[in-house]
Asker: 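If you scroll down you'll find the structure; I have some questions about it.
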Amino acid sequence: MAKKEDNNENIGGNDGTLKELRELLAIYENIPKERRAALIEAAKREAAGDILTDENIEAEKKTLLRFFSGVKDNRKKKLIARKVNEVAFQAVTIRQAKKSLIVDGLQAEVVNGKQHYPKENPAVAIYDKYCRAYQSNIDKLIELLPPKEEKAKSALASMRDDIEKD
């Protein structure tokens, strides 16, 4: 009997954690197999932290600002920096909303007393709204590129197209 208690302690640390793990296992077994991989990915993401983080936004900003390194006009640089801040936030938010859609689906069942009805996942509206704004802002950034930056224009356009495809 002492051996079993040692295993319980190693698995969960205490009886409350072990009970929670058993509950999670029971829920997991009832989930269709095709949805389990997405659930596991979401759990890993949750354990590692969200996608919508300052670090991810900063990384996106750096990627975008590289395209504008040749801009000399300080007023134009300030305008570009503000627009890049918005676009970076939008890009990361779109990724977060997309993950939510993949994991949670387009609809969720809402329980209100004895009533059960489907409701649209709020991530659907966020994804749609941010994709439209992102595309518009990327187009504006493309217009702000120096005339000789054809490669940068193509790269920004492909980033815009990648978001649309996702």
Asker: Who pairs with Asp73 by side chain to side chain donor-acceptor pair (under 3.5 Å), at least two apart in sequence or on another chain?
Answerer: none
Asker: From Lys62 NZ over to Ile57 CD1, what is the distance, rounded to the nearest 0.5 angstrom?
Answerer: 13.5 Å
Asker: Between CD1 of Ile102 and NZ of Lys99, what distance do you get to the nearest 0.5 Å?
Answerer: 5.5 Å
Asker: Within the 4.5 Å heavy-atom criterion, are Arg95 and Val92 side-chain neighbours or not?
Answerer: yes
Asker: Taking all atoms of both residues into account, what is the closest heavy-atom pair of Gly105 and Asn121, and its distance?
Answerer: O-ND2, 2.9 Å
Asker: Considering only heavy atoms from C-beta outward, does the side chain of Met159 approach that of Tyr134 to under 4.5 Å?
Answerer: yes
Asker: Could you grab the distance from atom CD1 of Ile94 to atom CG of Leu101, nearest 0.5 Å is fine?
Answerer: 11.5 Å
Asker: Would you give the length of the straight line joining atom NZ of Lys19 to atom CG of Leu24, rounded to the nearest 0.5 angstrom?
Answerer: 12.5 Å
Asker: Distance check, rounded to the nearest 0.5 Å: Asn56 atom CG versus Phe89 atom CZ?
Answerer: 12.0 Å
Asker: Looking at Ser100 and Ala123, what are the two nearest heavy atoms and their distance?
Answerer: OG-CB, 3.6 Å
Asker: Side chains of residues 77-86: which donor-acceptor pairs under 3.5 Å do they make with residues two or more places apart or in other chains?
Answerer:
from	atom 1	to	atom 2	distance (Å)
Lys77	NZ	Val71	O	3.4
Lys83	NZ	Asn137	OD1	3.1
Asn85	OD1	Lys61	NZ	3.1
Asn85	ND2	Ala81	O	3.4

Asker: Determine which pairs satisfy salt bridge (Lys or Arg N to Asp or Glu O under 4.0 Å) with at least one residue from residues 133-146, sequence neighbours left out, and list them in order.
Answerer: Asp139-Arg160
Asker: Kindly compute the distance separating CD1 (Ile142) from CZ (Phe67), expressed to the nearest 0.5 Å.
Answerer: 9.5 Å
Asker: Using the rule that Ile, Leu, Val, Met, Phe, Trp and Tyr join whenever any side-chain heavy atoms are under 4.5 Å apart, tell me whether Leu25 and Ile40 fall into a single cluster.
Answerer: no
Asker: Among Gln90, Gln96, Lys98, whose side-chain contact (heavy atoms from CB on, under 4.5 Å) with Tyr130 holds?
Answerer: Gln90
Asker: Tell me the closest heavy-atom pair linking Glu60 and Ala88, and the distance in Å.
Answerer: CG-CA, 3.6 Å
Asker: Can you pull the salt bridge (Lys or Arg N to Asp or Glu O under 4.0 Å) pairs that have at least one residue in residues 119-129, sequence neighbours excluded?
Answerer: Asp128-Arg132
Asker: Under 3.5 Å, sequence neighbours excluded: what are the donor-acceptor pairs made by side chains of residues 31-39?
Answerer:
from	atom 1	to	atom 2	distance (Å)
Arg35	NH2	Val103	O	2.2
Arg36	NE	Tyr28	O	3.4
Arg36	NE	Ile31	O	3.1
Arg36	NH2	Tyr28	O	3.4
Arg36	NH2	Glu29	O	3.1
Arg36	NH2	Ile31	O	3.4

Asker: Considering residues at least two apart in sequence or located in another chain, which fulfil the side chain to side chain donor-acceptor pair (under 3.5 Å) criterion with Gln135?
Answerer: Glu164
